[in-house]
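Input: a single structure, listed below in structure tokens.
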Amino acid sequence: MLFRSSQNSAEQDDIPIGLEEFLQLCQAIDAEPWFTVPNAVSTSEMQNLIQFLNGDASTKYGHIRAALGQAAPWTMIFPAIHLELGNENWNTASFPGETINDPVATGQRTQDIFTAARQAPEFDASKFDLIMNGWAAVPWYNQQELLQTSAADTIDVAPYTFNTFNSYASNETIFGSMFAEPEAIDSLPNGYMYQQMQTAAGASHPVKLAVYEVNLSTVSGTASQNLVNQVVPSVGAGLSTVEHMLLMMRDDGVTLQNMFALPEYANPFNNPNGGSESTPLWGTIVDMGGETNLCRPQFLAEALANTAIFGNMLETIQTGTNPTWNQANNPNTNVATPNAHYLQSFAFSDGTNKGVIVF
């Protein structure tokens, strides 16, 4: 479960839950906590956070935790606690008060804060995952960040798909590009996620690659409101998103991934032809636990795939023909995919149970 906040407005309309409540929620739903630490955190504050999470009740911040009702360290509750420094540091348009839009400065800041975390007496490398925030579409940016730090365990990105919706002459035009894009991004040598995998693994201090957010990001184009309503929350969108996540797991080694998001009904859709449109993103639920209890296909597809994901991922070998098609550059994705595969397979095993997913 990912928790973050930003200061993007002079007015505070929503009151976010506190760290303690967030950890209690993660415990209740059996989720590993992922907490985004503000970039402005000081080295001493970072060490205090480590003490709060893993310190004995006799320590200052361990005592505060115990007084809140959690006597044992939170590290005894969760297999891992993920601590990310900043989020979308490059994204000055959305988070102007929180960004450090310079990869060298971000890397140096990460080095200072994470070095302090590791020097805390309560730090346990087996319990904490220290995450440096990266930029999905720009592998060079992450490379520059990684040159500055040896204190991070992981670098994360948000590889959204189907960003624009401009081509809609037929179902093939729409879904051909939507289904081919994940393979182009994740599996081909010129795909940016494939390159991000190589960047993370090839750094002087190699790190893991994680996904802090993923979904469609269809927020602009010339499609009508009716078409947007049909395509963005479609079964095809659910299949494409989950295939994207599985390809990143299989071909890029990304085992830690977060779908964005649970709530959030709609956002603006920018149509240059005019008119006021919206897009049914990014929430994967519509009315969970309410009168209709409706969930969107992205949620349903992910939930279905999760029933077959456990233990270790296995290699799958397909016999016979795996037909392909050549997906030309398309204004919906701006990605060409030669020899895109109609069939994709994934397998998992925990020694006793076996799971197989086939697209």
Side-chain angles (χ1 to χ4, degrees), residues 1-7 16-87 89 98 100 103-134 142 145-156 200 203-210 212 255-256 258:
M1 175 170 284
L2 173 64
F3 175 58
R4 69 179 185 185
S5 62
S6 70
Q7 295 180 346
I17 63 174
L19 175 58
E20 180 70 10
E21 290 83 4
F22 171 66
L23 293 167
Q24 291 170 353
L25 175 59
C26 291
Q27 182 181 18
I29 64 174
D30 194 25
E32 292 182 8
W34 177 316
F35 183 71
T36 300
V37 182
N39 278 316
V41 68
S42 68
T43 53
S44 60
E45 288 170 334
M46 189 67 187
Q47 291 184 333
N48 294 341
L49 174 60
I50 297 298
Q51 188 177 92
F52 176 81
L53 296 169
N54 195 37
D56 185 85
S58 63
T59 63
K60 179 179 179 179
Y61 288 91
H63 176 74
I64 293 174
R65 182 199 64 244
L68 291 170
Q70 181 60 42
W74 280 110
T75 51
M76 296 181 65
I77 305 301
F78 305 110
I81 296 176
H82 308 275
L83 299 176
E84 178 192 30
L85 183 63
N87 187 265
N89 294 325
E98 171 64 6
I100 308 175
V104 174
T106 296
Q108 292 172 344
R109 180 68 176 162
T110 301
Q111 177 70 7
D112 291 343
I113 297 303
F114 285 173
T115 296
R118 292 181 182 279
Q119 291 173 345
E122 298 81 13
F123 184 80
D124 183 345
S126 68
K127 288 294 187 178
F128 291 103
D129 176 27
L130 302 182
I131 303 173
M132 178 164 62
N133 182 244
N142 289 7
E145 287 187 347
L146 288 167
L147 287 172
Q148 309 303 318
T149 182
S150 59
D153 299 304
T154 302
I155 190 167
D156 66 359
S204 57
H205 174 75
V207 295
K208 299 185 292 271
L209 181 62
Y212 66 88
T255 57
L256 183 62
N258 295 291

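At least one donor-acceptor pair under 3.5 Å links the side chain of Gln70 to the backbone N or O of Ala72. Although no hydrogens or angles enter the test, the distance criterion places a donor-acceptor pair under 3.5 Å between the side chain of Thr110 and the main chain of Thr106. Under the 3.5 Å distance criterion, the side-chain polar atoms of His205 are matched with a main-chain donor or acceptor of Ser150. A distance-only check finds a donor-acceptor pair linking the side chain of Lys127 to the backbone of Thr75 [under 3.5 Å]. Counting only distance, with no hydrogens or angles, the side chain of Glu21 and the backbone of Gly18 share a donor-acceptor pair below 3.5 Å. Under the 3.5 Å distance criterion, the side-chain polar atoms of Gln111 are matched with a main-chain donor or acceptor of Ala151. Between the side chain of Glu98 and the backbone N or O of Asn39, at least one donor-acceptor pair lies under 3.5 Å. Checking side-chain atoms of Gln47 against main-chain N and O of Ala116 turns up a donor-acceptor pair under 3.5 Å.
Between Asn54 and Gln51, the side chains place no donor N or O within less than 3.5 Å of an acceptor N or O (distance only, hydrogens not considered). Remark: the Asn133 side chain and the Asp156 side chain contain an N/O donor-acceptor pair separated by less than 3.5 Å.
Taking the side chain as every heavy atom from C-beta outward, Phe114 and Met46 approach each other to under 4.5 Å. Side-chain contact between Leu19 and Phe52: present, with at least one pair of heavy atoms (C-beta onward) separated by less than 4.5 Å. In this structure, the side chains of Phe35 and His82 stay at 4.5 Å or more apart for every pair of heavy atoms. Side-chain contact between Leu53 and Glu122 is absent, with no heavy atoms from C-beta onward closer than 4.5 Å. Taking 4.5 Å as the limit, some side-chain heavy atom of Asn142 sits within range of a side-chain heavy atom of Glu145. Considering only heavy atoms from C-beta on, Leu83 comes within 4.5 Å of Ile50 through its side chain.
Taking OG1 of Thr115 as the reference point, atom CD1 of Ile113 lies at 9.0 Å (rounded to 0.5 Å). Note that CD1 of Ile81 is 9.0 Å distant from SG of Cys26, once rounded to the nearest 0.5 Å. Of the inter-residue distances, the one linking Leu49 atom CG with Ser42 atom OG reads 11.0 Å to the nearest 0.5 angstrom. Atom CD in Gln108 sits 10.0 Å away from atom CD1 in Ile100 (nearest 0.5 Å). To the nearest 0.5 angstrom, Trp74 atom CH2 is 5.5 Å from Gln24 atom CD. Between the CD atom of Glu32 and the CZ atom of Phe78 there is a distance of 9.0 Å, given to the nearest 0.5 Å.
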* To do: Run the numbers on Asp129 and Thr154 for side-chain hydrogen bond (donor to acceptor under 3.5 Å, both in side chains), then give the verdict.
  => CA-CA 7 Å; Asp129 176 27; Thr154 302; 2.7 Å; yes
* **Test side-chain contact (heavy atoms from CB on, under 4.5 Å) applied to Leu85 and Ile131, step by step** => CA-CA 6 Å; Leu85 183 63; Ile131 303 173; over 6 Å; no
* To do: List the steps, then state whether side-chain contact (heavy atoms from CB on, under 4.5 Å) holds for Thr36 with Tyr212.
  => CA-CA 10 Å; Thr36 300; Tyr212 66 88; over 6 Å; no
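In summary, Asp56 and Arg65 do not engage in a salt bridge, as defined by a charged side-chain N under 4.0 Å from a carboxylate O.
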